[in-house]
Amino acid sequence: MADGSVPAMRIWSTQLHEHVGERVVLRGWMLNHRALSKVDFVILRDGRGVCQVVVNDDATRAAVAQWHDETVFEVEGTPKESRQAPGGVELVDPVFREIARSPEPPPVNLRVPEPREQLPYLLDHAAVSLRHPRRRAVFRLGAASLAGMRAVLDADGFVEIQTPKIVASATETGANVFRIDYFGRPGYLAQSPQFYKQMMVGVFERVYEIGPVFRAEPHDTVRHLAEYVSLDVELGFIEDHFDVMRVVRRVVAGMVDGMRERAARELALLDLALPEVPDEIPHVHFRDAQELIERETGERGVVGEPDLAPAHERWLGEWARREHGSDFLFVVGYPMAKRPFYTHPDPDRPEFSNSFDLVYRGLELVTGGQRLHRYEDYVRVLTDAGQDLEPYESYLEAFRFGMPPHGGFAIGWERWLARLVEAQNIRETTLFPRDVNRLRP
RNA sequence: GGUCCUGUGGUGCAGUUUGGAGUGCACGCCGCCCUGUCAAGGCGGAGGCCGCGGGUUCAAAUCCCGUCAGGACCGCCA
């Protein structure tokens with residue numbers, strides 16, 4: 001209360017307007033300090049936002065003048081509406097208490113609207129650079145995306161699971177694995193929860209996992225990481241991959257809703273427009289897409305290629321926007337030749353698969369499809385590929401004892417964020433990226 | 001794995017083509033000034049082995065060789 005008889009309570013900077021005229025306490029970091037001849041402005045940043053503190057008292061002004069940016073302090077004061085204040089409310093009549101003093105100016109200039117340092121420098125000083133309101137806003141959007149995903153899947157009866165990241169054998173073909181010393185035996189860091197989430201369909205029918213995966217690929221590009229967060233979903237009792245695609249649509253829409261509901265402030269700060277997720281995302285068959293590209297662009301030799309080049313995905317993204325008014329497009333029916341062994345073929349056209357990619361603004365964002373579910377099919381495809389069945393024994397046990405038709409998909413979380421905020425480099429949407437050259441911080 | 005680009009005060013850049021004194025801009029820092037700033041503004045100041053090693057030259061940030069660090073593209077992938 002204003003008479004001081006009740007201890008002031010701590011509020012967030014974002015709640016300032018709810019407490020006009022009351023005596024309140026804020027805690028946070030000094031983001032900026034502007035000293036004029038008769039008045040000082042201290043900008044406080046807390047976990048959620050920023051707040052301007054007006055300092056008129058000369059002794060107090062001299063005290064805060066000693067602080068470097070990022071000094072942690074507590075301030076008791078009175079929120080007051082003012083047309084001159086950023087956001088319309090500011091804290092007046094402040095009493096400061098220093099909590100942890102910063103010994104020198106921070107290595108990153110956090111005052112500017114957008115950090116100007118180069119990305120490697122920002123990453124080297126991530127502990128500080130992530131404090132920048134725009135930098136951290138990206139990751140609050142990421143958290144809101146995950147909350148939206150969980151809300152949709154939990155409501156649909158999916159169970160969130162956690163599977164091991166230390167595994168006995170490499171699972172996926174292609175990607176290189178990180179080998180580790182596991183109590184004297186060889187172990188590997190998991191490239192994907194694929195096998196485990198399939199096995200768990202036999203337990204819960206519908207599962208999802210949000211967790212890290214590891215790829216020891218030597219490639220060093222703006223869209224690859226050695227460790228990234230994979231949003232994995234798998235469900236049983238499906239007709240075909242179109243059932244899976246309907247879940248993809250709901251999950252993506254839920255992620256967008258999550259951001260709209262939980263991170264409106266960050267969306268405004270970053271001046272972002274969320275994508276519209278259509279009630280039904282348009283889809284095109286892989287072969288039809290190739291023929292379309294040849295017909296519309298005049299390019300030859302596209303039909304028959306086993307995969308779409310990045311340039312073709314970009315073209316299809318533009319086509320979907322033009323033709324269907326959609327940022328999203330499913331490409332279905334990729335050739336079996338390019339898909340992993342557990343992929344279910346198209347019963348009518350066995351050279352094509354019941355799989356799909358979701359192209360978002362011209363970039364491959366989601367890969368998924370229907371899986372094989374009969375034990376005999378797994379034995380056959382692995383044998384045909386010349387593979388020893390022994391390493392797959394515990395995985396195959398799930399299929400020996402009854403698995404329903406099932407399928408699923410995976411979304412790269414950092415890549416989703418990167419496309420959303422239009423980042424140039426996926427490292428901008430990774431807190432502490434791991435790549436060929438970077439193991440710390 | 002292949003190709004290309006960049007290393008200049010704490011930070012971000014000019015300067016290198018055509019060798020001539022560490023020259024310049026912006027941010028940050030220090031000091032002074034300024035009745036309400038919004039990345040505040042004004043004036044002044046400090047701060048450099050021009051990544052490192054070697055070579056050419058009367059003379060190298062600049063040219064050559066090597067090396068280290070960082071970045072981009074391609075293949076593959078999410």
Side-chain angles (χ1 to χ4, degrees), chain A residues 31-43 50-56 61 65-66 68-70 80 82-88 90 92 102-125 128-129 132-134 172-176 191-194 212-233 248 306-311 313 334 338-340 356-360 363-368 409-419 424-427 429-430 435-438:
Chain A
L31 177 62
N32 199 354
H33 172 218
R34 290 189 277 269
L36 283 69
S37 65
K38 303 292 189 215
V39 62
D40 282 22
F41 298 99
V42 171
I43 310 301
V50 298
C51 154
Q52 172 164 288
V53 183
V54 185
V55 191
N56 291 299
R61 294 173 65 203
Q66 300 300 310
H68 285 296
D69 287 359
E70 294 308 298
K80 182 186 176 186
S82 164
R83 277 183 307 145
Q84 297 157 294
E90 62 194 2
V92 301
S102 195
E104 58 188 76
V108 176
N109 183 350
L110 299 173
R111 302 173 174 184
V112 291
E114 181 90 56
R116 291 177 177 177
E117 290 82 2
Q118 291 213 338
L119 187 58
Y121 182 85
L122 292 175
L123 296 177
D124 287 342
H125 298 279
V128 175
S129 66
H132 190 280
R134 283 185 73 97
E172 308 271 330
T173 52
N176 295 321
Q191 304 156 290
S192 151
Q194 178 66 32
V213 295
F214 306 89
R215 302 283 167 98
E217 297 286 354
H219 47 214
D220 186 12
T221 80
V222 293
R223 55 189 190 287
H224 289 94
L225 297 166
E227 174 180 355
Y228 69 91
V229 175
S230 183
L231 315 184
D232 269 274
V233 176
V248 172
D307 204 352
L308 295 171
E313 286 175 350
Y334 281 78
K338 286 293 282 188
R339 293 277 152 161
F356 60 84
D357 275 6
L358 179 64
V359 176
Y360 170 53
L363 186 81
E364 180 186 330
L365 181 70
V366 184
T367 293
F409 60 92
I411 303 175
W413 182 56
E414 294 87 348
R415 199 177 266 195
W416 157 255
L417 277 178
R419 284 312 291 160
Q424 300 294 305
N425 192 313
I426 197 166
R427 293 163 185 79
T429 55
T430 309
D435 62 38
V436 179
N437 302 307
R438 190 171 288 279

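Numbered from 1 within each chain, the chains take letters A, B, ... in sequence-line order.
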For this session: Give the rounded distance in Å between these two atoms: CD of A:Glu227 and P of B:A78.
Result: 17 Å
Exercise. Just by distance, do the side chain of A:Arg215 and the backbone of A:Leu225 share a donor-acceptor pair under 3.5 Å?
Worked result: no
Exercise. Please give, in whole Å, the distance from B:A78 C1' to A:Phe356 CZ?
Worked result: 13 Å
Exercise. Just wondering, do A:Phe41 and B:G36 stack (centres under 5.5 Å, planes under 30°)?
Worked result: no
Exercise. Using the P atom in both, what is the distance from B:G66 to B:G2, to the nearest Å?
Worked result: 16 Å
Problem set entry | Atom C1', compared across B:G19 and B:U67: separation rounded to whole Å | 24 Å
Problem set entry | Under 3.5 Å on both distances, the Watson-Crick or G-U partner of B:C49 | none
For this session: For A:Val108, answer base if it contacts any base atom (sugar-phosphate contacts may also be present), sugar-phosphate if it contacts only those atoms, and nothing otherwise; contact means non-hydrogen atoms under 4.0 Å.
Result: nothing
Problem set entry | Distance, C1' atom - from B:G48 to B:U3, rounded to whole angstrom | 34 Å
For this session: For A:Pro86, answer base if it contacts any base atom (sugar-phosphate contacts may also be present), sugar-phosphate if it contacts only those atoms, and nothing otherwise; contact means non-hydrogen atoms under 4.0 Å.
Result: base
For this session: Just call it for A:Glu117: base, sugar-phosphate, or nothing, with non-hydrogen atoms closer than 4.0 Å on any strand.
Result: sugar-phosphate
Seminar exercise, completed: When both distances are under 3.5 Å in a Watson-Crick or G-U wobble arrangement, the nucleotide paired with B:G75 is none
Problem set entry | For A:Asn109 against A:Glu117, the heavy-atom pair lying closest together | N-OE2, 3.3 Å
For this session: Please report the C-alpha distance between A:Arg34 and A:Gln52 in whole Å, then the side-chain angles of each, then the deciding distance to 0.1 Å, and finally whether the side-chain contact (heavy atoms from CB on, under 4.5 Å) criterion is met.
Result: CA-CA 10 Å; A:Arg34 290 189 277 269; A:Gln52 172 164 288; 4.0 Å; yes
Exercise. Distance-only, no hydrogens or angles: does the A:Tyr121 side chain make a donor-acceptor pair with backbone N or O of A:Pro107 under 3.5 Å?
Worked result: yes
Exercise. Can you tell which of B:A78, B:U37, B:C29 lies closest to the side chain of A:Glu364?
Worked result: B:A78
Seminar exercise, completed: Using Watson-Crick geometry (N1-N3 plus N6-O4 or O6-N4) or G-U wobble (N1-O2, O6-N3), each under 3.5 Å, B:C43 is paired with B:G31
For this session: Using both distances under 3.5 Å as the test, list the Watson-Crick or G-U wobble partner of B:C63, or none.
Result: B:G55
Exercise. Taking the side chain of A:Leu225 as its heavy atoms from C-beta onward, which of B:A78, B:G36, B:G12 lies nearest to it?
Worked result: B:A78
Exercise. When the P atoms of B:C73 and B:G36 are considered, how many whole Å apart are they?
Worked result: 47 Å
Exercise. Is a side-chain donor or acceptor of A:Arg134 paired with a backbone partner of A:Pro115 at a separation under 3.5 angstrom?
Worked result: no
Exercise. Which nucleotide in the set B:G70, B:U11, B:G36 lies at the smallest distance from any side-chain heavy atom of A:Pro120?
Worked result: B:G70
Exercise. Using the P atom in both, what is the distance from B:G9 to B:G24, to the nearest Å?
Worked result: 15 Å
For this session: Would you mind telling me which residue lines up with the more 5' stretch of RNA chain B, A:Asp435 or A:Lys80, judged by nearest nucleotide?
Result: A:Lys80
Exercise. Rounding to the closest angstrom, what is the interatomic distance between B:A14 and B:G7 at atom C1'?
Worked result: 15 Å
Seminar exercise, completed: As its Watson-Crick or G-U partner within any shown strand, both distances under 3.5 Å, B:A21 has none
Problem set entry | Pairing partner (Watson-Crick or G-U wobble, both distances under 3.5 angstrom) of B:G70 | B:C5
Exercise. Is the distance from OP1 or OP2 of B:C29 to the nearest side-chain N or O of A:Arg111 less than 4.0 Å?
Worked result: yes
Problem set entry | Main-chain N/O of A:Arg427 paired to A:Asn425 side chain as donor or acceptor, under 3.5 Å | yes
For this session: Test for a donor-acceptor pair under 3.5 Å between the base of B:U37 and the side chain of A:Gln52, counting only N and O atoms.
Result: yes
For this session: Using atom OH of A:Tyr121 as one end and atom P of B:C27 as the other, report the distance to the nearest whole Å.
Result: 17 Å
Exercise. How many angstroms lie between atom CZ of A:Arg438 and atom CD of A:Glu227, to the nearest 0.5 angstrom?
Worked result: 14.0 Å
Exercise. Base, sugar-phosphate, or nothing: which does A:Arg34 touch, judged by heavy atoms less than 4.0 Å apart?
Worked result: base
For this session: Would you mind classifying the nucleic acid contact of A:Pro113 as base, sugar-phosphate or nothing, using non-hydrogen atoms under 4.0 angstrom?
Result: base
Exercise. How far does the C1' atom of B:G70 sit from the matching atom of B:U11, given to the nearest Å?
Worked result: 16 Å
For this session: Kindly say whether, by distance alone, the side chain of A:Arg415 makes a donor-acceptor pair under 3.5 Å with the base of B:C77?
Result: yes
Seminar exercise, completed: When rounded to whole Å, the NE2 to P distance for the pair A:His125 and B:C27 reads 21 Å
Exercise. Touch check for A:Val366, heavy atoms < 4.0 angstrom, all strands: base, sugar-phosphate only, or nothing?
Worked result: sugar-phosphate
Problem set entry | Protein-nucleotide distance (A:Lys38, atom NZ; B:C33, atom C1'), rounded to Å | 11 Å
For this session: Go through the N and O atoms of the side chain of A:Gln424 and the base of B:G71, and report whether any donor-acceptor pair is under 3.5 Å.
Result: no
Seminar exercise, completed: Separation of B:A78 atom C1' from A:Tyr360 atom OH, nearest Å, is 15 Å
Seminar exercise, completed: The nucleotide from B:G70, B:A72, B:C77 with an atom nearest the side chain of A:Arg223 is B:C77
Exercise. Between A:His132 (NE2) and B:C27 (C1'), how many Å, whole number?
Worked result: 13 Å
For this session: Specify the residue among A:Leu36 and A:Leu365 whose closest nucleotide of RNA chain B lies further upstream toward the 5′ end.
Result: A:Leu36
Exercise. Of the nucleotides B:C30, B:G36, B:A78, which has the atom closest to the A:Gln84 side chain?
Worked result: B:G36
Problem set entry | Phosphate-side-chain proximity, A:Ser37 and B:U35, N/O vs OP1/OP2 below 4.0 Å | yes
For this session: Could you tell me the separation between the CG atom of A:Asn109 and the C1' atom of B:G12, rounded to a whole number of Å?
Result: 11 Å
Exercise. Which is true for A:Glu90 with a 4.0 Å heavy-atom rule: it touches a base, it touches only sugar-phosphate, or it touches nothing?
Worked result: base
For this session: Spell out, as yes or no, whether a donor-acceptor pair under 3.5 Å connects the side chain of A:His224 to the backbone of A:Asp435.
Result: no
Exercise. How far, in whole Å, is B:G54 from B:U62 if one measures between their P atoms?
Worked result: 14 Å
Exercise. When all nucleic acid strands are considered with a 4.0 Å heavy-atom cut-off, which category describes A:Asn425: base, sugar-phosphate, or nothing?
Worked result: sugar-phosphate
Problem set entry | Distance-only side-chain donor-acceptor flag, A:Asp40 / A:His33, under 3.5 Å | yes
